[in-house]
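Letters A, B, ... mirror the listed sequences (proteins, then strands); counts begin at 1.
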Amino acid sequence: MNNKRASCRVSHSRRRGQPVERDFRQHHNQGVWREVQEERRQESIPRGVCLSMCPIRELQDREAQNLLHRFEVLSGTERERWPRADPSGVVKEYARPAAGKDSTRPSDLRPPAVLLKTVFYLVDNIAASPTLRPWTEVYDFVFDRLRSVRQDMIIQRVSGADCVAVLERTVRFLIYASYRLCGEPLRLYDPRINDTHLQESLSWLLECYTSGKHPNQEEFQALGLLYNLGSSRATQHTMELPERIRSSPVMHLALSVSRAFMERNPVRLLRLAHSLDFLQSCALHRHLETCRRDLLLIYSHGHSSKNCRFPLHKLAHILALDVPLTNQLCQAHGVEVRGDYVVFSKTSFTEPEAGKLQCAHFHDLVDRKQRDLTVGSIIHGCT
Amino acid sequence: MLLTCSQVYEAIDNHEGSFCAELLSFKHPHVANPRLQLASPEEKCQQVLEVPYDEMVAAHLRCTYAVSNHDFVEAYKCQTLVVQYPFGISGDYFGYIFSSLPIPEGFDDCRMIFQAEQQLLRKGKGKLGDMLEKAAEQLMGCFRVCASDNRAGIDDSKKWGMLFLINQLFKIYFKINKLHLCKPLIRAIDSSNLKDDYSMAQRVTYKYYVGRKAMFDSDYKPAEEYLSFSFQHCHRSSQRNKRMILIYLLPVKMLLGHMPNHQLLRKYDLMQFADVTKAVSEGNLLLLNEALAKHETFFIRCGIFLILEKLKIITYRNLFKKVYQLLKTHQLPLDAFLVALKMMQVEEVDIDEVQCILANLICEGHIKGYISHQHQKLVVSKANPFPLLSSSS
């Protein structure tokens with residue numbers, strides 16, 4: 001700041017020598033804060049005016065460059081060299097913000113009502129469609145277009161009920177997908193990317209809940225807790241919720257599951273898991289592997305004796321699996337099975353080799369809850 | 001007004017860093033003086049003080065003005081200016097005054113930051129934690145300057161400011177719940193050769209936060225060490241601080257099997273722990289659940305509710321030990337444990353769960369023995385089947 005000073009003694013004459021510099025600095029510091037405040041007041045939030053699911057400009061561009069998605073193409077023109085766009089099916093895609101690109105043009109932004117309409121279209125006509133296949137492609141399309149919807153929401157600073165309606169469906173979709181696509185090869189579905197977006201959307205949603213009244217709050221607080229089972233952050237967050245939310249039946253159940261997990265009581269946890277509904281089971285399912293492993297570990301130590309004869313069918317019942325799968329699970333964990341009995345031993349338990357066990361094979365606990373639920377009702381939440 | 005400025009000037013001139021710090025701090029009574037609460041004190045300051053002190057003092061005075069008007073957001077902005085100055089200057093002639101400069105006091109006014117935060121929230125602007133995060137960023141900047149100061153000799157080194165800044169950063173990180181950010185700071189201190197030479201007050205605060213972090217990470221033995229150190233070396237007169245340390249030390253000690261006595265709880269007004277302690281040592285699950293429910297709000301607010309829930313395992317162990325002592329045999333029917341749990345009004349528990357709880361206790365080393373499913377019995381070791389908690393945790 002001041003490299004010309006040689007000594008630190010006050011000297012009136014020397015200081016007066018640079019009034020211009022001093023005045024500038026003084027005004028600068030005083031003025032800076034005030035300027036910033038002014039700027040913020042004048043800054044306007046972009047408001048979208050695009051009334052269709054995709055801005056006209058983008059539709060025309062992508063059609064001309066043959067960049068339409070298979071689901072956006074006018075039926076009958078798929079095989080042509082330049083497939084035509086189906087105006088009722090083209091949806092604005094996600095585009096990374098880039099330098100020089102103005103993402104705040106009102107004609108390119110969709111207002112909240114249109115965003116919600118878009119989400120409904122994506123759920124009812126794409127995700128829940130009984131004919132579109134394979135579902136990994138359906139997922140990719142919906143995932144990307146939902147991301148674009150969230151982007152429009154962020155740019156326009158959408159909040160309140162509109163925001164909540166979009167985010168709730170997004171979270172349900174991503175949780176459902178995490179279960180349905182579990183086990184698909186990495187090139188078709190990456191669970192980590194799904195997880196990142198799910199966590200982001202969930203955090204945003206939970207933050208929206210902090211102001212105003214939202215009828216589905218308990219459902220999503222419970223889903224958040226189950227999906228993030230074992231996380232101290234998520235558990236602490238739940239403990240800090242108001243009493244009336246925590247004491248609701250859906251939260252009570254989720255908290256019991258969480259408690260059972262924290263106390264390392266897999267028997268109780270698996271028993272409680274039977275009472276969860278389909279979507280809650282989807283949220284929980286990735287923790288079941290740990291849960292079952294814990295049970296085998298605990299029992300290996302607790303029942304460790306030469307004469308141990310633990311009935312296999314009993315173990316299967318506790319694990320909520322059928323007998324063949326139980327056998328497979330035991331073998332993967334080094335637990336010895338002799339005919340109809342399991343011989344637990346603390347020295348023989350081992351962690352399974354990475355990738356040896358496929359979660360997807362052990363989905364029965366969740367599967368049987370789907371019954372006649374439609375994808376649409378799962379995502380819209382009218383189960 | 002001029003008098004204060006010349007006091008500052010004298011303090012700087014005479015290298016009385018701590019006095020200077022007081023004059024620029026909010027704890028000093030001078031801030032209540034309405035004659036010092038000026039919107040534009042720059043000119044007056046310039047008359048007496050040299051650059052950059054004049055601006056620093058001017059900013060401080062603008063700050064007092066803002067606070068008197070309850071405009072904490074503006075106050076915070078002024079305060080950040082105050083603390084920025086010493087860092088903006090090259091260390092050559094400045095460095096030797098540095099070590100006890102206003103920096104500690106300026107940042108000690110963290111509560112001002114919290115107040116500014118509350119104000120912003122009330123106005124509906126900004127997310128919770130925004131202001132705190134910005135403050136943390138600034139502090140981090142200052143910290144980096146301190147940590148990388150290799151020029152001056154050890155007496156004048158900026159490194160002395162490190163622990164203080166770290167403690168302020170800890171305060172903020174705990175408040176915004178981003179504890180993982182504490183790790184690099186802890187590493188920095190661990191590798192510093194000054195770590196045992198900082199003032200005791202700073203070390204007590206440091207160990208308090210590190211202890212809490214260890215608790216959060218479930219490292220109970222190190223947590224006990226840090227928090228015990230903090231408690232023992234905390235000054236006798238700081239009852240409030242000692243109580244705060246105890247709030248976290250007690251659960252850790254209980255998990256390791258050491259129950260506090262009533263005298264201690266009464267002395268520090270922590271009777272909320274009394275029922276919990278009683279329940280755990282008696283193995284009374286019912287009382288434990290009731291005690292946790294009764295003081296739930298307090299425990300959640302302090303962030304220890306989840307840790308206290310872990311005491312359930314210890315309580316199970318104590319309860320089952322009673323069953324063993326009652327039956328006086330080494331082959332205990334599982335049914336006996338089920339009866340004990342039902343007496344404690346534990347909901348929906350069946351024999352499978354009893355097996356699981358027992359198996360877990362064996363796995364954790366709290367019981368020495370094994371379960372025989374065929375005979376539906378728990379067979380315990382003839383020698384010391386229920387080892388001391390402190391040895392098995």
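Under a cut-off of 6.0 angstrom, the local environment of CG in A:Asp340 is sparse, with at most 12 non-hydrogen atoms contributed by other residues, nucleotides or ligands. Within a 6.0 Å sphere centred on NE2 of A:His214, other residues, nucleotides and ligands contribute more than 12 heavy atoms. For A:His274, the NE2 atom is densely surrounded, since the number of other residues' heavy atoms within 6.0 Å is greater than 12. No more than 12 heavy-atom neighbours from other residues, nucleotides or ligands sit within 6.0 angstrom of OH on B:Tyr370. For B:Lys178, the NZ atom counts as loosely surrounded, since its 6.0 Å shell holds 12 or fewer non-hydrogen atoms of other residues, nucleotides or ligands.
Residue B:Leu358 does not touch chain A at all, counting heavy-atom pairs closer than 4.5 Å. Contacts between A:Ser304 and chain B at a heavy-atom distance below 4.5 Å involve the backbone alone (N, CA, C, O). Residue contact with chain B, scored on non-hydrogen atoms closer than 4.5 Å, involves the backbone and the side chain of A:Met239 alike.
Annotation: the span from B:Glu309 atom CD to A:Met262 atom CE amounts to 8.5 Å, rounded to 0.5 Å. Taking CG from B:Leu361 and NE2 from A:His301, the interatomic distance works out to 13.5 Å, rounded to the nearest 0.5 Å. Between the SG atom of B:Cys363 and the CG atom of A:Leu297 there is a distance of 4.5 Å, given to the nearest 0.5 Å. The CZ atom of A:Arg271 sits 4.5 Å away from atom CD of B:Glu353, with the distance rounded to the nearest 0.5 Å. Annotation: the span from A:Glu263 atom CD to B:Tyr316 atom OH amounts to 5.0 Å, rounded to 0.5 Å. Put simply, CZ on B:Phe305 and CD on A:Glu240 are 12.0 Å apart, with the number rounded to the nearest 0.5 Å.
By number of non-hydrogen pairs under 4.5 angstrom with chain B, the leading residue of A:Glu243, A:Lys346, A:Arg259 is A:Arg259. For the set B:Asn360, B:Ile313, B:Ile362, the entry with the most heavy-atom pairs within less than 4.5 Å of chain A is B:Asn360.
Contacts of B:Phe298 classified as ring pair (Phe, Tyr, Trp, His ring centres under 6.0 Å), with partners at least two apart in sequence or in another chain: none.
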Next on the checklist: Quick one, B:His180 with A:Arg233, criterion side-chain contact (heavy atoms from CB on, under 4.5 Å). Give me CA distance, side-chain angles, the key distance, then yes/no.
Outcome noted: CA-CA 11 Å; B:His180 59 278; A:Arg233 188 189 45 85; over 6 Å; no
Checklist entry - Is there a side-chain contact (heavy atoms from CB on, under 4.5 Å) between B:Lys312 and A:Asn265 once you walk through the steps? => result CA-CA 12 Å; B:Lys312 270 206 200 131; A:Asn265 191 337; over 6 Å; no
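Contact detail for B:Ala359 and A:Tyr299: the closest heavy-atom pair is CB-CD1, 4.2 Å.
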Pairs of donor and acceptor atoms involving the side chains of residues 309-316 of chain A, under 3.5 Å and at least two apart or interchain, shall be tabulated with distances.
| from | atom 1 | to | atom 2 | distance (Å) |
| --- | --- | --- | --- | --- |
| A:Lys314 | NZ | B:Asp352 | OD1 | 3.0 |
| A:Lys314 | NZ | B:Asp352 | OD2 | 3.1 |

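Among pairs with a residue in residues 288-305 of chain A, those fulfilling salt bridge (Lys or Arg N to Asp or Glu O under 4.0 Å) read A:Arg293-A:Glu351, at least two apart in sequence or across chains.
The interface of residues 373-380 of chain B with chain A, defined by heavy-atom distances below 4.5 Å, comprises B:His373, B:Gln374.
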